[in-house]
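Beneath this line is the structure, given in structure tokens, with notes to follow.
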Amino acid sequence: MKFVIMAGGLGTKLWPVSTQEKPKQFLKIFGGKSLFEINLEGLLEKYTPEDIYVSTIEDYLRFVKEQSPQLPDSHYIVESSFKNSGPASIYAMCRVANEYPDEVIMFYVQPVVLRIPNEKYLEMIENIDRIVSKTNRLVTGIKFPEFVETGSDLIKIGEKVDLGSTLNFYNVESFVNVVNERMSSKKVADIIASKKYALHTNHYTWKAEPFFDNLKRFSAHNWYEVSQEMRAALKEGADYNKISSIYDKFEKGRIEDFTTELYMNNLATVVELPFKWLHITTWVDIEEYFKMTDENPANAEIVELDSKNNFAFTSDKKLVGTVGIEDCIIVE
């Protein structure tokens, strides 16, 4: 099995600490480690550096190399321009499939900071590997929401399916694009009140040929045509300039522009995560992380007067005082 850590996102929702120049996945604010390092270390408990690839953009390659010196240089997949997760994922699939055409490939392990215990995460990977190999379907993860959040999309689950696993697998009825539609907390709360919806946790896993076959059938963009040109160029050993010129032809879009069609056509299966999971998208998630881990965000000294339910983040040991405020996020 092979893995692609997607590390090219802009991370703008953690502004002002996370910026386009240095986005959230590389910030060492989680026990002295970054989101990127945490995800890499979790995989390396079982898999080798040769099993792991990283997809990023040119501007972030230096951060990736600094934080993953274990990986071979050939396993850094560099996008020549920012086209969003659709083209990035397709290019990564082309690259990995060119070397390992028959392997099961898991994407999008990067945006998660907590998987506790990691042993359960590795157990889930083994189950997904077996299911994808057996069914040739897209398999991805879900988590039933514990609180309202607007940083994750929603999946309406269908019937539970028996796949010979101790984990819970389900068919999919529909997909709700919370992020792209910028849904309000109230609207998300109304949707999940039915108890039929789960958070999509971005553990996309599939094999190359079913992936490209479905891309041909369902992509509304030019992604299939460009992907085939890319695969041919990679097979011929084309240089970086040639690959970049092909990559630039991709139309921008999220990978959900494609996968939503798979959900709607009963070509995907979801698995309920068997571990504690927290998706870091906003400062609310950062607050939740520090609550769960009992860590101090930055050794800040907090003094509160007539205040409650606030969260403060500083980059150094500083005094933060609050007077008469509640439900606020304070970021230095």
Side-chain angles (χ1 to χ4, degrees), residues 1-9 43 47-61 64-65 68 71-110 128-129 132-133 136-140 202-262 267-268:
M1 190 170 184
K2 304 302 175 186
F3 302 87
V4 179
I5 300 178
M6 307 297 287
L43 289 174
Y47 300 93
T48 70
E50 288 70 28
D51 294 323
I52 302 168
Y53 292 74
V54 180
S55 172
T56 191
I57 60 176
E58 289 180 337
D59 289 346
Y60 301 160
L61 183 59
V64 170
K65 287 191 171 185
S68 62
L71 301 188
D73 280 348
S74 61
H75 283 216
Y76 298 124
I77 302 172
V78 184
E79 306 147 36
S80 54
S81 57
F82 183 73
K83 296 281 188 175
N84 216 323
S85 60
S89 299
I90 295 166
Y91 175 38
M93 177 64 85
C94 291
R95 280 281 303 273
V96 180
N98 187 54
E99 298 180 48
Y100 302 97
D102 299 320
E103 287 278 359
V104 172
I105 304 169
M106 176 179 278
F107 282 76
Y108 244 93
V109 294
Q110 187 277 324
I128 290 177
D129 186 6
V132 172
S133 297
N136 282 332
R137 291 166 67 87
L138 163 64
V139 175
T140 188
N202 290 322
H203 291 79
Y204 286 127
T205 312
W206 31 30
K207 296 183 75 173
E209 292 316 314
F211 172 91
F212 289 114
D213 287 346
N214 285 319
L215 192 65
K216 182 178 181 179
R217 292 177 61 192
F218 296 112
S219 175
H221 299 284
N222 67 347
W223 292 350
Y224 176 75
E225 292 77 15
V226 178
S227 73
Q228 297 312 292
E229 184 179 354
M230 180 71 73
R231 296 183 78 185
L234 289 169
K235 190 173 183 180
E236 294 169 0
D239 62 19
Y240 178 74
N241 290 334
K242 175 65 174 178
I243 296 299
S244 297
S245 67
I246 297 173
Y247 186 82
D248 290 342
K249 296 179 183 180
F250 278 117
E251 296 173 355
K252 287 184 178 180
R254 298 176 72 212
I255 191 64
E256 287 80 7
D257 296 347
F258 164 49
T259 55
T260 300
E261 295 299 319
L262 303 187
L267 293 169

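This structure is a prediction, so every number in the text was calculated from the model and none was measured. Positions are given from 1, in the same order as the sequence printed here.
- Side-chain N or O atoms of Thr205 include none that pairs as donor or acceptor with a backbone N or O of Thr140 at under 3.5 Å.
- Trp223 places a side-chain N or O within donor-acceptor distance of the main-chain N or O of Glu251, the cut-off being under 3.5 Å.
- Taking CG from Leu215 and CH2 from Trp206, the interatomic distance works out to 8.5 Å, rounded to the nearest 0.5 Å.
- The two residues Ala97 and Ala208 make their nearest non-hydrogen contact at CB-CB, 3.5 Å.
- Residues Glu256 and Ser85 meet the side-chain proximity criterion, which asks for heavy atoms closer than 4.5 Å.
- Looking at every heavy atom in both residues, Ser81 comes nearest to Tyr247 through O-CE2, 3.3 Å.
- For the residue pair Ser245/Asp248, the side-chain donor-acceptor check at 3.5 Å is not satisfied.
- Note that the CZ atom of Arg95 and the CG atom of Leu234 stand 7.0 Å from one another [nearest 0.5 Å].
- Using a 4.5 Å cut-off on side-chain heavy atoms (C-beta onward), Met1 and Asp51 make no contact.
- Scanning both residues, Pro72 and Pro49, for their nearest heavy atoms gives CD-O, 3.8 Å.
- Residues Tyr204 and Ser89 have side chains that never bring a donor and an acceptor to within less than 3.5 angstrom of each other.
- A side-chain donor-acceptor contact under 3.5 Å links Arg137 to the backbone of Ala268.
- Put simply, OG1 on Thr48 and CG on Leu43 are 10.5 Å apart, with the number rounded to the nearest 0.5 Å.
- With contacts defined as side-chain heavy-atom distances shorter than 4.5 Å, the pair Val139/Met106 does not qualify.
- For the pair Asn222 (side chain) and Lys249 (backbone), a donor-acceptor distance under 3.5 Å is present.
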Phe211/Phe258 under ring pair (Phe, Tyr, Trp, His ring centres under 6.0 Å): CA gap, chis, key distance, verdict: CA-CA 10 Å; Phe211 172 91; Phe258 164 49; 5.7 Å; yes
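- A distance of 7.0 Å separates CZ in Arg254 from CG in Asn84, rounded to the nearest 0.5 Å.
- Under the 4.5 Å side-chain criterion, counting only non-hydrogen atoms from C-beta, Ser227 is in contact with Tyr224.
- With a 4.5 Å cut-off on side-chain heavy atoms, Ile105 and Met93 count as touching.
- Counting heavy atoms from C-beta on, the side chains of Val78 and Tyr240 come closer than 4.5 Å.
- The backbone N or O of Asn98 sits nowhere less than 3.5 Å from a side-chain atom of Lys235 that would complete a donor-acceptor pair.
- Within the 4.5 Å cutoff, no side-chain heavy atoms of His75 are placed close to those of Ile52.
- Taking OH from Tyr53 and CD from Glu99, the interatomic distance works out to 3.5 Å, rounded to the nearest 0.5 Å.
- Here the shortest heavy-atom pairing between Tyr60 and Ala7 reads CD1-O, 3.9 Å.
- Looking only at distances, a side-chain donor or acceptor of Ser68 sits under 3.5 Å from a matching main-chain atom of Val64.
- Remark: Met6 CE to Glu79 CD distance equals 6.0 Å, nearest 0.5 Å.
- Taking every heavy atom of both residues into account, Lys207 and Ser133 meet most closely at CD-CA, 4.4 Å.
- Using a distance-only test at 3.5 Å, with no hydrogens or angles considered, no donor-acceptor pair links the side chain of Lys242 to the main chain of Ala233.
- Contact of the Tyr91 side chain with the Lys83 side chain is not registered, since no non-hydrogen atoms from C-beta on lie closer than 4.5 Å.
- Stacking of Lys2 on the aromatic ring of Tyr100 is recorded, both the 6.0 Å distance cut-off and the 45° axial limit being met.
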